[in-house]
Amino acid sequence: MLNSFLFNSKFNLNNKKIIHVVMGNEASDLDSMASSIVYANFLGKTANNDDELFIPLINIPAADFKLRTEAVYLFTEAKIEVSNLLFIDEINIEEIFKSGRLKITLIDHNKLSGGQEYLSGCIEEILDHHKDENAYPVKNKTIEPVGSCATLVAEKIRDRVGALENREEALLLAGPILLDTVNFSKEAGRTTEKDIKVIDYITTAFKIDRNKVFDRLQFEKFNTAPLSSYDILRKDYKEWVMGTKKTGFSSALISMENWLKKDPQLLEAADKYYTKNSLDILFIMIAYTEPEFTRELILFSKDAVLLESVYAYLQDNGGELAPPKIKVPVDRRAGFYLQGNIGWSRKKLQPVIQEYFANISK
Ligand SMILES: [Mn+2]
């Protein structure tokens, strides 16, 4: 089973001559994680080399895993014990690299991120569906523009041993294929013949209900219920330094009303996150469809002058901020608004704020 393999791999790193990590990209979405797990498991089972340990390496800190709510769901369904997975902050990869024992299979990316670039000499194999950046002279390379890397993993396994091992493995691969192709929707335009072939095989051979799995994954992906306010703030977060100021932008898919109901102490979480990231201002951008598409905005800063000035600037530049229709906390650190300008996504708001800071520094 997947489990015992993973368990052994996490705790016996020192007993093996070669540590062969199978690693997805740093965004570490469901495709990267599930593909790494299934492929590492397969390589480990089919290798006839006792000195080499194949291990899926999840390319995010362990504490961030719970933010991938769709993965939390799918891994539970696939009976994966998350505490047995190895995350990037639980291994001293530099040390293994320096000892000359490291091999790498790159999954779901074909170029290492900047911080991991020094490992490039260890790459043995690449399995990916992004554009080939031809970064390394690796012979064992499979790069095809299919909908999901999981499709390539399934195909490799079937080519070599005929079938996927069990329903858990099939489910782990079906999940990312369904999410990445948006359940094979024409509009998304990400489906290829190979994705269809693989999902047809999986749904038939393992009696997996494709629509049911997709709907549930889609729901779980945006489900904020299991997350604390602090985790909602960091789930989809970006920050920019603008002049001398540090700005943070959290996107959240829960209405202000439901969020405050779920956690009346929301501002304390915002304060904690603001402080931890040494921010000057935090923009909490809320979007939801209930039933109409709505945007709300919470401005948070301990600099009351800045808070007031940013608010005035947004109003002067078409933000259409209005008081919310619900009761909100009265707090000098924060402003709660209904955002009339629903065109202002984070991508659109960020340059407006950039301009604001450029103007005041003149
Ligand atoms: Mn992918």
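Just so you know, ligand 1 is whichever comes first in the structure, and atom 1 is the first atom listed for that ligand. Residues take their numbers from the sequence shown, with the count starting at 1. Because the structure is a prediction, the values reported are computed rather than measured.
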May I ask you to check whether [X] brings an N, O or S atom to under 2.8 Å from the Mn ion (ligand 1)?
X	value
D108	yes
D31	yes
H129	yes

For this session: Using the six-membered ring of Y39, assess whether NZ or CZ of K156 lies under 6.0 Å from its centre and within 45 degrees of the ring axis.
Result: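 The answer is no, since K156 fails at least one limit relative to Y39.
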Problem set entry | Centroid-centroid distance, Y288 to F293, less than 6.0 Å |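 Here the rings of F293 and Y288 have centres that are no less than 6.0 Å from each other.
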Exercise. Between F184 and F214, does the ring centre distance come in under 6.0 Å?
Worked result: no
Problem set entry | Nearest-0.5 Å distance that lies between atom CG in D128 and atom CG in L152 | 8.0 Å
